[in-house]
Protein chains: 2
Amino acid sequence: MDSRTRHRAAEQAPPPSRIERLCIERGLKMTGQRRLIARVLSEAEDHPDVEDVYRRALALDSKVSIATVYRTVRLLEENGILERRDFGGGRARYDPADRGHHHHLIDVDTGKVIEFADEEFEALARIMAGRLGFSLVGQRLELFGRKAEAEPPRPELRRRTKEKSS
Amino acid sequence: MDSRTRHRAAEQAPPPSRIERLCIERGLKMTGQRRLIARVLSEAEDHPDVEDVYRRALALDSKVSIATVYRTVRLLEENGILERRDFGGGRARYDPADRGHHHHLIDVDTGKVIEFADEEFEALARIMAGRLGFSLVGQRLELFGRKAEAEPPRPELRRRTKEKSS
DNA sequence: CTAGTTGCAAAGCGTTTGCGTCGGC
DNA sequence: GCCGACGCAAACGCTTTGCAACTAG
């Protein structure tokens with residue numbers, strides 16, 4: 001039943017999350033709150049906004065203030081660990097940067113966000129920048145689409161309201 | 001001295017601006033303020049934010065409130081006359097929609113914005129959406145670049161501060 | 001021990017809105 | 001004359017910040 005892997009006190013030393021490791025690599029001071037937030041972000045498979053991170057952190061463990069979440073995501077962004085995104089709707093959303101470059105397709109009917117990558121586009125982007133006399137430093141590509149033959153659109157999703165999804 | 005056309009007082013009836021014409025086409029009520037804002041936008045060759053429009057409108061003529069500028073650009077956006085853009089830096093910036101689809105290259109050192117269009121990219125965007133099972137409704141492409149062999153970068157421009165440019 | 005982090009509440013900033021008045025059509 | 005636009009100031013939602021207590025290294 002038991003072999004050689006960690007089976008001492010299961011609660012005592014949870015292994016550092018993916019993002020916590022990145023923090024340590026850059027020499028950031030690791031506090032309890034930062035570890036917690038790092039874990040939430042490591043486990044996230046979507047593009048959470050600050051409130052999402054805050055809620056999940058509270059649910060997962062205990063005391064964090066939303067100010068700390070704001071400070072931490074900003075710190076992580078400044079260290080290249082997170083990327084800030086804006087999909088419309090006012091709030092910033094965050095995307096771990098260690099999953100490679102990708103872009104987003106936003107389903108305009110449901111608000112769902114799909115990630116994708118495209119070699120051909122990467123190349124074209126470099127070419128387009130080159131044509132204008134620039135070398136490419138960064139890029140942002142978002143496609144807005146509608147399912148090819150899909151259910152009726154939900155009109156209330158288009159205008160500046162709450163917006164919540166992936 | 002008076003015949004049938006208006007050549008009375010040269011100041012009396014300035015010809016409608018490009019954007020004013022679009023407003024009339026869509027049957028929008030044209031007030032003095034809207035005419036003024038439409039003119040500012042018609043004459044703009046950059047991507048002004050609301051404050052820019054407000055300042056230029058004040059300089060050009062007289063009394064407008066910033067609330068009206070906000071209400072008007074929103075109205076124009078909802079009528080497809082303007083497009084709202086976000087180049088980072090918190091404020092929305094506006095782009096007359098009647099100049100055809102184009103994208104932006106932002107010079108990361110100076111903050112200047114260059115417009116460009118690219119057939120090849122348009123086609124690729126449709127293809128990428130298609131691959132994911134979507135039909136393309138809209139798109140957003142921004143390239144961030146640095147002049148191929150240029151002056152030293154201005155580091156203070158990268159972080160969330162004022163930001164002012166094209 | 002000390003520089004850096006946290007929580008709290010208040011401030012900031014861009015944007016929206018309620019309301020009484022005014023102005024196009 | 002009526003419906004809608006305007007100006008003003010207050011409200012709003014997201015984000016940042018000053019301050020005092022605390023904590024990782």
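Quick caveat: nothing in here was measured; it's all calculated off a predicted structure. Each chain gets a letter, A, B and so on, in the order its sequence line appears, and its residues count up from 1.
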Asker: Using a cut-off of less than 4.0 Å, is there contact between a side-chain N or O of A:R74 and OP1 or OP2 of D:dT16?
Answerer: yes

Asker: Please state how far atom CD1 in B:I37 lies from atom P in D:dA5, giving the value in whole angstrom units.
Answerer: 12 Å

Asker: Over how many whole Å does the gap from B:E77 atom CD to C:dG14 atom C1' extend?
Answerer: 15 Å

Asker: Output the rounded distance in Å from CZ (A:R35) to P (C:dT5).
Answerer: 13 Å

Asker: Check side chain to side chain contact (heavy atoms under 4.5 Å, CB included) between A:A97 and all other residues, then give those that pass, not counting sequence neighbours.
Answerer: A:E83

Asker: Restricting to side chain to side chain contact (heavy atoms under 4.5 Å, CB included), what partner residues turn up for A:R21, sequence neighbours left out?
Answerer: A:P16, A:R18

Asker: Using the salt bridge (Lys or Arg N to Asp or Glu O under 4.0 Å) criterion, which residues pair with B:R99? Sequence neighbours excluded.
Answerer: B:E115

Asker: For the pair made of CG in B:D49 and C1' in C:dC13, what is the distance, rounded to whole Å?
Answerer: 12 Å

Asker: Once side chain to side chain contact (heavy atoms under 4.5 Å, CB included) is applied, do any residues pair with B:R140, and if so which ones, sequence neighbours excluded?
Answerer: A:D86, A:E142, A:F144, B:E142

Asker: Within the structure, does a side-chain N or O atom of B:Y70 lie under 4.0 Å from either OP1 or OP2 of C:dT16?
Answerer: no

Asker: Please determine which of B:R93, B:H104, B:R85 meets the side-chain hydrogen bond (donor to acceptor under 3.5 Å, both in side chains) test together with B:H47.
Answerer: B:H104

Asker: Can you sort out which residues in residues 22-34 of chain B have a heavy atom within less than 4.0 Å of DNA chain C? Ascending by number, please.
Answerer: B:K29, B:M30

Asker: With axes from five pairs an end, tell me the bend angle of the helix from C:dC1-D:dG25 to C:dC25-D:dG1, nearest 10°.
Answerer: 40°

Asker: Rounded to whole angstroms, how far apart are CG on B:L36 and C1' on D:dG7?
Answerer: 15 Å

Asker: Counting distance alone, no hydrogens or angles: does the base of D:dG4 have a donor or acceptor under 3.5 Å from a partner atom on the side chain of B:R71?
Answerer: no

Asker: B:S65 has a side chain; which of D:dC8, C:dG14, C:dT6 sits nearest to it?
Answerer: D:dC8

Asker: Go through the structure and list residues passing salt bridge (Lys or Arg N to Asp or Glu O under 4.0 Å) with A:E122, not counting sequence neighbours.
Answerer: none

Asker: May I have the distance from B:K63 (atom NZ) to C:dG23 (atom P), rounded to whole angstrom?
Answerer: 14 Å

Asker: In this structure, how many angstroms lie between the C1' atom of C:dG12 and the CD atom of B:E51, rounded?
Answerer: 14 Å

Asker: Going by the rule side chain to side chain donor-acceptor pair (under 3.5 Å), which residues pair with B:T31 if we only count those two or more places apart in sequence or in a different chain?
Answerer: none

Asker: Which residues satisfy the side chain to side chain contact (heavy atoms under 4.5 Å, CB included) test with B:I66, sequence neighbours excluded?
Answerer: B:V50, B:E51, B:Y54, B:Y70

Asker: To the nearest angstrom, how far is B:Y54 atom OH from C:dG14 atom C1'?
Answerer: 14 Å

Asker: B:L82 and side chain to side chain contact (heavy atoms under 4.5 Å, CB included): which single residue from B:L76, B:D95, B:D98, B:L22 fits?
Answerer: B:L76

